[in-house]
Amino acid sequence: MNTALWITTSLLTAVFLFSGLGKLFVPREKMAAMTDAARWVLDFKPGTLKAIGALEILGAAGLVLPALLGIAPILVPLAAVGLALIMTGAVILRVRRGEPKAALLDGGYLALTAFVAVGRFALEPFTG
């Protein structure tokens, strides 16, 4: 279980770090032009996108750094819960926009963040 949680956490860290950096540093018009699935960014102000990006980066850091450094490892499942909330909002947004494929992908990330949260809270916590 511990190995599965670490693999999932590593994947999620990479995804949210990459996604957050994109929201912080890529202009929303350029991001919207990349794919049809990215057009949702035009529904938000640039400041809101930067805030979402910053939260994703903080969440990514919170998934691994507390455990690796041995400092307040309870922050790992809390970060996973925070990212699950972000992904809940993403799924709702995709459903409202009529983007079922993107909603399924975001739902997959939601399931993975929930797995890490439950896993680190109850199944394989870092503290006894």
Side-chain angles (χ1 to χ4, degrees):
M1 181 58 68
N2 189 46
T3 302
L5 286 166
W6 270 111
I7 291 169
T8 305
T9 299
S10 299
L11 169 73
L12 289 172
T13 299
V15 166
F16 284 109
L17 189 61
F18 180 73
S19 175
L21 289 171
K23 288 177 184 79
L24 277 180
F25 297 112
V26 177
R28 73 182 184 142
E29 291 76 19
K30 186 175 180 182
M31 194 182 307
M34 289 180 185
T35 66
D36 286 338
R39 295 194 49 78
W40 68 270
V41 299
L42 297 176
D43 294 347
F44 293 90
K45 294 180 181 177
T48 304
L49 289 177
K50 290 188 185 309
I52 294 169
L55 289 171
E56 288 178 348
I57 291 169
L58 288 172
L63 286 176
V64 293
L65 290 180
L68 290 177
L69 299 175
I71 301 172
I74 188 63
L75 294 177
V76 172
L78 292 175
V81 168
L83 290 170
L85 291 173
I86 289 173
M87 294 317 299
T88 300
V91 170
I92 291 169
L93 174 81
R94 299 296 194 164
V95 169
R96 285 184 177 173
R97 288 181 52 86
E99 301 173 349
K101 289 181 184 176
L104 283 174
L105 180 64
D106 289 343
Y109 290 129
L110 171 59
L112 291 174
T113 56
F115 169 68
V116 172
V118 170
R120 289 303 180 197
F121 270 131
L123 303 176
E124 190 77 33
F126 290 114
T127 57

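Under a cut-off of 6.0 angstrom, the local environment of CZ in Arg96 is sparse, with at most 12 non-hydrogen atoms contributed by other residues, nucleotides or ligands.
The CD atom of Glu124 sits 8.5 Å away from atom OG1 of Thr3, with the distance rounded to the nearest 0.5 Å. The distance from atom CG of Leu58 to atom CG of Leu75, rounded to the nearest 0.5 Å, is 11.5 Å. Remark: Leu63 CG to Trp6 CH2 distance equals 9.5 Å, nearest 0.5 Å. One finds the CZ atom of Phe126 at 10.0 Å from the CD1 atom of Ile74 (value rounded to the nearest 0.5 Å). Rounding to the nearest 0.5 angstrom, the gap separating the CD1 atom in Ile7 from the CG atom in Asn2 is 10.0 Å. For the atom pair Arg39 CZ and Met34 CE, the distance stands at 13.5 Å (nearest 0.5 Å).
A 4.5 Å side-chain heavy-atom check between Phe115 and Leu5 finds at least one atom pair inside the cut-off. Using a 4.5 Å cut-off on side-chain heavy atoms (C-beta onward), Thr13 and Thr9 make contact.
Linking Ile, Leu, Val, Met, Phe, Trp and Tyr whenever their side-chain heavy atoms come within less than 4.5 Å puts Phe25 and Ile57 in one cluster. When the side chains of ILVMFWY residues are joined at heavy-atom separations under 4.5 Å, either directly or via intervening members, Leu11 and Leu110 end up in a single hydrophobic cluster. One hydrophobic cluster, built from ILVMFWY side chains closer than 4.5 Å, holds both Tyr109 and Leu55. Leu49 and Phe16 sit in two unconnected hydrophobic clusters of ILVMFWY residues. Membership requires side-chain heavy atoms under 4.5 Å apart, directly or through other members.
Residues Ala79 and Gly59 share a closest heavy-atom pair of CB-O, 3.8 Å. Taking all atoms of both residues into account, the shortest heavy-atom contact from Ala80 to Val116 is CB-CG1, 3.9 Å. What you find for Pro66 and Pro73 is that their closest heavy atoms are CB-CA, 4.0 Å. Here the closest heavy-atom approach between residue Met31 and residue Gly22 is recorded as CE-O, 3.2 Å. Of all heavy-atom pairs between Ser19 and Glu56, the closest is OG-OE1, 2.8 Å. The heavy-atom pair separating Lys23 from Gly53 by the smallest distance is CB-CA, 3.8 Å.
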Report, one line per pair, each donor and acceptor closer than 3.5 Å where one atom sits in a side chain of residues 82-95; sequence neighbours left out.
residue : atom : partner : partner atom : Å
Thr88   : OG1  : Ala84   : O            : 2.8
Arg94   : NE   : Asp106  : OD2          : 3.0
Arg94   : NH1  : Ala37   : O            : 2.6
Arg94   : NH1  : Glu99   : OE1          : 2.7
Arg94   : NH2  : Ala37   : O            : 3.3

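For Phe44, the ring-ring contact (aromatic ring centres under 6.0 Å, His included) partners at least two apart in sequence or on another chain are Trp40.
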